[in-house]
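One structure, as C-alpha cells, below. Some questions next.
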Amino acid sequence: MRFFSLPDYQLIMLNWFHRLGAPRSFYEISGRLLPVLWVLSGLSILTGVIWSLGFVPEDYQQGNSVRIMYIHVPAAIVAQSGYAMMAVAGAVFLIWRIKIADVALQCAAPIGASITFLALVTGAIWGKPTWGTWWVWDARLTSTLVLLFLYLGIIALRSAMENRESAGRATAMLALVGVVNLPIIKYSVDWWFTLHQPSSFSLGEKPAMPAEMWIPLLVMVLGYYLFFFTLWATRMRVEILNREFRTDWVQRLVVGS
Amino acid sequence: MKFGPMKPQRRNRLLLVLFVVLAAASAVGLALSALNENMNLFYSPGQITAGEAPTGVVIRAGGMVVAGSVLRATESLRVDFVISDLQGADVNVSFTGILPDLFREGQGVIARGILGRDGNFVAEEVLAKHDETYMPPELVDVLPDSHNDPETFKGGTRQ
C-alpha cells in the first residue's frame, strides 16, 4: 500500500491522470467540459474580432492592414504550440503506450494543419500590402511551410498504414523528429536576415506596441487556444467512439440505456 | 500506475525518444550551420561594401533608406536612393517601377537586383521590411524615435 505514503495532492493528480487516460473517462469528462469550452472560445474570438477589426487604432505605418495581425499572429502561435503538444502526446505514447495519447496525436494533426495553413494564407495577404510581395523564401516563411508539411506528413503516414499500433509508433516518431523545426521557426528572425519582422513580444520586455493594440491580440490568442482545445477534444471523442465501438459502454451509449 | 524506478522497458523507450530528438536536432543543427550564409535572405550594406556580395548575379540587398537620399526622376518611374546599415556602410540603389506603400525614408527595404562592379545596385524589385513596432499615428509624435533599429541590418547574424 505505497499510495498511503503519497501526499493528498499527488494522489488526486495521479487519480486525475489515470482517469483522463482511460478512453471512457476522457469521453465522460470532456463531454461535461465541452459546452463550456465552446462558449468560452466563441465568446473570446467574437470579442477579439469585433475589438480588433472595429476599434483598435490604425498603425502609423500600415494603416488598416495591421488588423490582419489579429488573425495571423494567433494562428501562427497556436500552429507551433499545437505541434509541440502533439509531439508530447507522441512521446507519451512511445514510452508508456497510453492509447489516448495516440488518439490525441492523430486528432491534433488535421487541426494543426488547418491553423498553419491559415497562418500562411493570412501572412501572404498581409505581406502583399506591407512588404510588396505575397511570398518570399526567407527563413521564417520557409520553416512555417515546413511545419505545414510535417502536419500533412503525419496525416498521410497515418492513413497509409493499416496496422494501428505501428501507425501510432511511426507517426509519433515523425512528430518527435519534427520538433526540431519549432526553435528554427521561433529564432529564424534572429539568426538570419529575413524579410519577416522580429517578434513584438518577448519575456521580460515591454511589448513593441501600446496596450490598446496588444490586449485585443491577447484576447484573440486566448480564443484561438480555446478553439483549438475545443476542436481537439471533439475530434478525440469521435475517434474514441470509433476505436471502442465493440465495448459495452459505447454500445450502451449508442443504443441508449 | 506505480511510482518508483521506471520499468527497464519504458526507460529504454524514453532513452530512444530522447536519442531520436537529439539526433534529429544535431543533424539539422549541423546542416543549418553549414548553410548559414545561404540562409540569409539578403546581404547587408556592410557585406556589400566589404566585397562579400557577388557582382553580376541576382542577389538581395537590405538596409535602411537613408533620410533625404530618395531622388525621383521627373520623366520616368526611376527612383534612386541610398541604403545603409546606419553603421557607416552605404550602397546606392536605383529602381524603376512602383514602390511598395511602406517604402519611406528611414524604413528598411530589401531590394532584389544586380550589384554592378562600380558598387551601385540596380534593383528589379523593392520590398519594404517593416519592424516589430506598431502604434497609432497620434502616438508617433509623443514617443521617442524607436522604429529605426540599426540592429536589423548590422553585419553578421543577430543574436
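Below, chains carry the letters A, B, ... as their sequence lines are ordered, and counting in each starts from 1.
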Which one wins on heavy-atom pair count under 4.5 Å against chain B: Asp138(A), Val56(A), Val179(A), Thr130(A)?
Thr130(A)

Heavy-atom distance under 4.5 Å to chain B: side chain of Trp137(A), backbone, both or neither?
backbone

So for Pro129(A), is it side chain, backbone, both, or neither that comes closer than 4.5 Å to the heavy atoms of chain B?
backbone

Cut-off 4.5 Å, heavy atoms of chain A, and the answer for Arg104(B) is side chain

Are the side chains of Gln107(B) and Gln61(A) in contact, using a 4.5 Å heavy-atom criterion?
yes

Got a second to check how far Leu16(B)'s CG is from Leu176(A)'s CG, nearest 0.5 Å?
9.5 Å

Test side-chain contact (heavy atoms from CB on, under 4.5 Å) on Thr133(B) and Met209(A) and set out the steps.
CA-CA 6 Å; Thr133(B) 316; Met209(A) 60 181 87; over 6 Å; no

Specify the closest pair of heavy atoms between Pro100(B) and Gly132(A), including all atoms of both residues, with the distance to one decimal.
CB-CA, 4.1 Å

Could you check which of Val177(A), Ile184(A), Leu195(A), Thr133(A) has the highest count of heavy-atom pairs closer than 4.5 Å to chain B?
Leu195(A)

Which value, rounded to the nearest 0.5 Å, describes the distance between Leu102(B) atom CG and Ser65(A) atom OG?
7.0 Å

Under a 4.5 Å cutoff for heavy-atom pairs, which residue among Thr142(A), Val180(A), Asn181(A), Val66(A) has the most contacts with chain B?
Val180(A)

Which distance, rounded to the nearest 0.5 Å, do you find between the CG of Leu32(B) and the CH2 of Trp192(A)?
4.5 Å

Tell me, do Ile95(A) and Val17(B) make a side-chain contact under 4.5 Å, heavy atoms counted?
yes

When rounded to the nearest 0.5 angstrom, what distance separates CZ in Arg13(B) from CZ in Arg97(A)?
4.0 Å

Engaged part of Gln62(A) at the chain B interface, taking heavy atoms whose separation is under 4.5 Å
both

Interface moiety of Leu15(B) toward chain A, non-hydrogen atoms closer than 4.5 Å:
neither

For the pair Phe42(B) and Phe193(A), name the ring-plane relationship: parallel under 30°, tilted 30 to 60°, perpendicular over 60°.
parallel

Contact class of Ser199(A) relative to chain B, heavy atoms under 4.5 angstrom:
backbone

Heavy-atom side-chain contact between Met69(A) and Tyr134(B) under 4.5 Å
yes

If you count every heavy atom of other residues, nucleotides or ligands that lies below 6.0 Å from Phe201(A) atom CZ, does the total exceed 12?
yes

Atom group of Arg60(B) that falls short of 4.5 Å from chain A, counting heavy atoms:
side chain

Please step through side-chain contact (heavy atoms from CB on, under 4.5 Å) for the pair Trp131(A) and Lys129(B), ending with a clear verdict.
CA-CA 6 Å; Trp131(A) 299 338; Lys129(B) 176 178 166 65; 5.8 Å; no

Counting only heavy atoms closer than 4.5 Å, note whether Val136(A) contacts chain B via side chain, backbone, both or neither.
side chain

What's the shortest heavy-atom distance between Glu132(B) and Pro198(A), and which atoms?
CB-O, 3.0 Å

Let me confirm one number: the CD-NE2 distance from Gln197(A) to His130(B), rounded to the nearest 0.5 Å.
3.5 Å

